[in-house]
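Remarks on the structure that follows.
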Amino acid sequence: MQDVSYYRPSSIKEAIKILSEHGPTAKVLAGGTDVIVQARERTKKITAFVDIKKIPDVMGLGIEGHRGLTIGAATPMYQIYNHSGVQEEYPAIIDSANIIGGKAIQGRASLGGNLCNGSPAADTIPTLIVLEGTANIIGPNGERKIAIEDFCTGPGKTLLQHDEILISLHFKRPAPFSGSRFIRFIPRNEMDIAVVNVASQIQMDGNKIESSRVAIGACAPTPLLLKEISNFIQGKELSQDLLENAAELFNNLITPIEDMRGSPEHRVDLAKTLFKRTMNDAVIRSNGEKVQ
Amino acid sequence: MVSTQKKADKTYKVIGTRPVRPDGVDKVTGRAKYGADIQLPGMLFGRVLRSPHAHAIIKKIDTSKALALPGVKSVITHKDLPTAADAALNLGETTDNLKWISDKVLAAEDALFHGQALAAVAAVDKHIAEDALALIDVEYEILEPVLSVHTAMDKKTPSIHDNMKTVDMIARFQVGEISETQINNVASILDLELGDLDAGFKEADIIIEREFETGTYHQGYIESHNGTAQWNENDEVTVWLSTQGAFNARDQLAALLQVPMSKIKVIPMEIGGGFGGKIPMYMEPLAAIMSKQTGKPVKMHMQRDEVLLATGPTSATYIKVKVGAKNDGTIVAADAYLAYEAGAYPGSPVSGGGVSMFMPYAIPNVRALCLDVIVNKTKTAAYRAPGVPAAAFAIESIIDELAEKLEIDPIAIRMHNAAEEGTRRHDGVLAPSMAVKELLEEAQATEHWNAELSDPSIGRGIAIGAWGNGGMESSASASINSDGTINLNTGSVDIGGQRASLAMQLAETLGVEYDSIKPQVVDTDSIGYTAVSAGSRTTFATGIAVIEVGNKIKKQIINRVATFWEIDANALKYNDDGSVSSPDKIINFKEIAAMLPNTGGRIQASIDIQATTHVPTIACHIVDVKVDEETGKVDILRSTALQDVGKAIHPAYVEGQTQGGILQGIGMALYEEYYYDDKGILKNASLLDYRMPTSYDVPFTEIILVEKPNPGHPFGVKGVGEVPIVPPLAAVANAIYDAVGVRPNILPVNPRRLSVLLKEKNNK
């Protein structure tokens with residue numbers, strides 16, 4: 001562990017001031033399930049933690065009718081997956097929030113933290129992407145919004161400046177006859193990092209695919225939104241053959257690496273399988289039915 | 001969890017019951033004292049600098065900047081260790097060379113694996129010690145690492161140890177003379193042969209030859225290694241640590257530190273798992289030397305990444321086996337070649353594999369050629385039935401294939417070839433009483449084996465395996481208090497409920513209540529030499545010592561009562577309930593205890609034994625798996641273990657051992673392995689990516705204990721801890737074959753490996 005200073009500001013303004021004064025080695029602390037480990041293992045140089053959990057703006061979540069869902073960036077996973085509105089309307093968020101770490105981690109880990117950590121294998125980011133999430137950010141120069149698919153720029157790297165704070169994530173209200181699903185593949189059944197993860201969102205018009213979004217993790221330096229897949233299936237009648245053909249696009253869309261968690265070949269195969277499984281489940285959910 | 005016990009005939013009062021363990025309350029309330037709980041006044045904290053390279057010459061280590069950091073009290077390198085002689089040292093389950101032990105503690109001329117200790121720091125707190133590590137300058141000349149047994153043995157590969165010669169292992173776990181066969185980077189060789197292989201294979205109607213590989217697996221004990229040392233001004237050293245053997249630790253320390261054994265007191269703390277991995281010394285000698293330098297106690301505690309990087313997992317293996325059988329299933333010849341990675345220093349358990357793999361069977365013509373191969377990876381250590389799970393995976397996979405090709409039931413073919421008492425083994429030994437047939441009969445009768453498989457993606461596999469168990473030295477002493485309670489001291493570290501199993505054996509011997517005995521593990525100043533708690537020996541061997549102590553106490557009691565009653569001792573009888581009677585009088589145990597102080601003083605007895613009557617045991621595993629052919633993922637659906645235990649002293653703790661062994665075996669089959677890059681850097685030194693199975697991955701195993709008593713133990717104990725880990729690797733592989741028709745030959749057969757096999761099958 002490195003020596004670190006600890007700050008617990010009660011307003012955004014105060015937090016930004018501390019971050020600005022300290023420079024890039026000051027880190028925002030939410031649940032700490034990534035940054036505290038990084039400080040302890042010295043994988044990142046960290047001299048100060050700015051704990052934002054006493055700032056009301058970043059905690060809690062709510063659905064405001066047609067305006068959609070806003071989740072405070074530091075809201076712990078357990079609050080998210082226990083929220084009946086999220087369970088009802090954004091089941092893919094539940095898919096993701098339910099499998100981050102284990103129960104103990106879920107008591108602290110947040111969507112904002114998972115996003116800012118910028119892991120290529122992050123288990124919430126593909127979901128946040130396919131649900132067209134927006135990141136609300138405040139910095140010394142005021143507010144800005146970034147589409148989630150643009151947020152990550154490389155392993156551990158994001159568009160967030162060191163003196164900016166991710167305040168909340170916003171999701172529009174799901175369209176009628178739409179559904180979403182996230183599935184992660186891990187060799188174990190719990191407590192593991194994705195070999196590949198896929199989120200799919202689909203909006204149906206009868207048996208025709210009105211629109212879709214597909215995102216994949218652990219197959220590139222950042223989670224990827226795969227517009228080519230959506231373009232390929234859009235406007236077509238849903239069938240297993242269509243999904244099989246769409247899955248073949250993964251051969252050229254992703255170039256995953258060889259590492260201790262998987263081989264390129266296995267990752268491409270898994271991407272195809274998870275794409276088909278998430279699509280089929282998303283279609284089930286678009287009919288208002290539950291999946292296994 | 002279902003558990004069944006097939007009982008031996010004899011009935012007991014205490015043996016076979018399930019009382020609460022003496023250490024249970026302290027452990028579940030967090031009061032039990034582990035090495036990490038040691039806090040001493042003025043204590044310093046030590047950390048170790050480790051090699052970032054798998055193979056490098058150490059050109060220079062400059063510690064001056066680290067020493068100058070405020071708060072740093074000592075920085076040591078290999079130069080600070082006493083010069084170590086090039087001589088063998090017996091470590092109980094294995095032997096080792098002192099120079100090598102010294103180099104493993106702190107590297108001398110070269111770093112031979114990623115994570116090898118190069119220097120150590122003691123500072124006023126652990127964060128300063130950690131800061132100081134970054135200030136130590138090491139200059140390396142990086143060499144090409146040798147990362148597989150095949151590369152290591154290639155003539156073109158340079159020798160990792162310059163002057164090392166291949167020696168013959170004259171007997172199991174011992175190192176002998178220079179061998180006639182010299183193989184590059186092979187430390188030792190064992191060639192066991194029985195009968196005439198050529199003639200045997202000529203008789204065969206079918207011959208199957210296959211190659212197998214298994215990964216490097218860590219024991220995965222929860223408690224990481226730790227040790228605290230205090231070197232006093234009078235050169236007496238006290239060490240608190242987590243070890244499987246306090247005397248083994250003391251003797252290694254004495255040799256390394258060049259301090260007389262009597263001047264070192266080792267206090268074994270509670271141990272959070274070991275499985276063979278807590279026999280070697282790692283940091284304790286460093287803590288002792290830094291304590292000597294500073295005059296303060298020094299505590300060291302490994303982080304998890306250090307445990308995985310630099311302690312002793314079991315060997316990765318390459319095994320080739322050829323088996324010939326007749327059409328009726330009779331195995332007529334078997335030829336095995338086993339090359340095990342020792343790690344960077346000699347001492348893999350390859351002989352254990354080569355000896356044990358054929359133990360369950362009677363095969364007239366057998367050979368096992370065993371090679372102990374040096375590679376640039378961490379030095380392996382003992383791990384639960386050392387060397388056997390990999391070898392059993394090989395032979396049991398082939399027997400499954402034989403059964404399939406000859407259209408014989410997999411249990412029937414094993415039954416047909418089962419070893420019996422008196423079967424001549426290829427290591428020359430005549431097999432003692434074993435329960436191969438009894439176990440297979442029980443397996444045949446299980447509900448699990450006979451249950452229908454509900455889905456074509458589900459398969460069922462079975463395998464058996466043997467382990468020889470250990471004897472070795474044990475010491476015990478007991479004293480009777482005036483209220484009739486008894487203090488029982490042993491030197492056996494309690495790694496699996498042995499305080500309970502030993503107290504139960506004394507209670508049974510003396511005819512007293514289990515609760516009246518307080519068993520304790522004591523330090524090396526307080527009891528006679530006791531070997532490591534390993535080799536499934538403790539309940540067996542220390543049990544014999546405890547029973548002998550009980551018998552000595554009984555004799556003394558008879559004599560005392562004789563004196564008290566003024567009657568000939570031969571007229572007295574020691575009864576099953578602890579009372580003593582003459583034809584017309586009786587005195588119970590409590591009354592005897594109460595009269596002792598006034599009739600010559602209290603009674604105590606102690607004994608030192610060397611147990612030699614240990615026998616092998618047999619285990620069987622039946623497992624159902626479900627395979628997701630699209631992802632290559634295997635789920636364990638159902639698991640049943642059968643095991644010959646001789647006699648289960650405390651059945652619940654025996655079942656606990658079985659559950660754990662099966663779990664670790666399944667971990668080897670499906671999940672765990674060291675992942676090195678091509679430079680020999682270990683990439684998954686964390687429990688996240690090392691991937692031991694969790695409770696979500698492996699269901700509870702149904703357990704059937706079969707009791708065929710060991711005639712060499714008064715209650716029939718055989719040893720139970722190790723053998724359950726032997727069969728699951730092959731059982732899982734055989735179940736996968738049953739489900740999807742591919743035979744995994746490389747373990748762990750994780751989704752990535754299985755998906756390759758499934759693709760090959762589908763492309764055929």
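Labels below follow one simple rule: chain letters A, B, ... track the order of the sequence lines, proteins then strands, and each chain is numbered from 1.
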For Lys126(B), is it the side chain, the backbone, both, or neither that has a heavy atom closer than 4.5 Å to a heavy atom of chain A?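 Neither the backbone nor the side chain of Lys126(B) comes within 4.5 Å of chain A.
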Would you mind checking which part of Leu687(B) comes under 4.5 Å of any heavy atom in chain A, side chain (CB onward), backbone (N, CA, C, O), both or neither?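 Backbone only.
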Nearest-0.5 Å distance, [atom1] of residue [X] to [atom2] of residue [Y]:
| X | Y | atom1 | atom2 | result |
| --- | --- | --- | --- | --- |
| Asn684(B) | Met260(A) | CG | CE | 6.5 Å |
| Tyr696(B) | Met191(A) | OH | CE | 8.5 Å |
| Thr631(B) | Ile186(A) | OG1 | CD1 | 11.5 Å |
| Glu630(B) | Lys272(A) | CD | NZ | 11.5 Å |
| Arg752(B) | Leu270(A) | CZ | CG | 11.0 Å |
| Tyr671(B) | Arg188(A) | OH | CZ | 9.0 Å |

Contact part of Arg267(A) toward chain B, heavy-atom cut-off under 4.5 Å: side chain, backbone, both or neither?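 When you check distances to chain B, no heavy atom of Arg267(A) falls under 4.5 Å.
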Contact origin within Ser263(A) toward chain B - heavy atom pairs under 4.5 Å: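 Ser263(A) touches chain B through backbone and side-chain heavy atoms alike.
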Would you indicate whether [X], at its atom [atom1], is surrounded by more than 12 heavy atoms from other residues, nucleotides or ligands within a distance under 6.0 Å?
| X | atom1 | answer |
| --- | --- | --- |
| Arg743(B) | CZ | yes |
| Lys236(A) | NZ | yes |
| Lys157(A) | NZ | no |

So [Y] and [X], do their side chains get closer than 4.5 Å, heavy atoms only?
| X | Y | value |
| --- | --- | --- |
| Pro187(A) | Lys633(B) | no |
| Lys683(B) | Asp259(A) | no |
| Lys759(B) | Asp269(A) | yes |

Taking Asp689(B), Asp677(B), Thr694(B) one by one, which has the highest count of heavy-atom pairs under 4.5 Å against chain A?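 Winner by heavy-atom pair count: Asp689(B).
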When only pairs under 4.5 Å are counted, which of Asp628(B), Leu670(B), Asn750(B) shares the most heavy-atom pairs with chain A?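 Looking at each option in turn, the highest pair count goes to Asp628(B).
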Quick test of your reading of the model: are [X] and [Y] salt-bridged, counting only N-O distances below 4.0 Å?
| X | Y | value |
| --- | --- | --- |
| Asp305(B) | Arg40(A) | no |
| Glu41(A) | Arg304(B) | no |
| Glu130(B) | Arg42(A) | yes |

Closest approach of Asp697(B) to Asn189(A) (non-hydrogen atoms, all atoms of both residues):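 Heavy atoms of Asp697(B) and Asn189(A) come nearest at OD1-N, 2.7 Å.
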Write down the atom of Asp192(A), the atom of Leu688(B), and the distance for their closest heavy-atom approach.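 Residues Asp192(A) and Leu688(B), closest heavy atoms: OD1-O, 3.9 Å.
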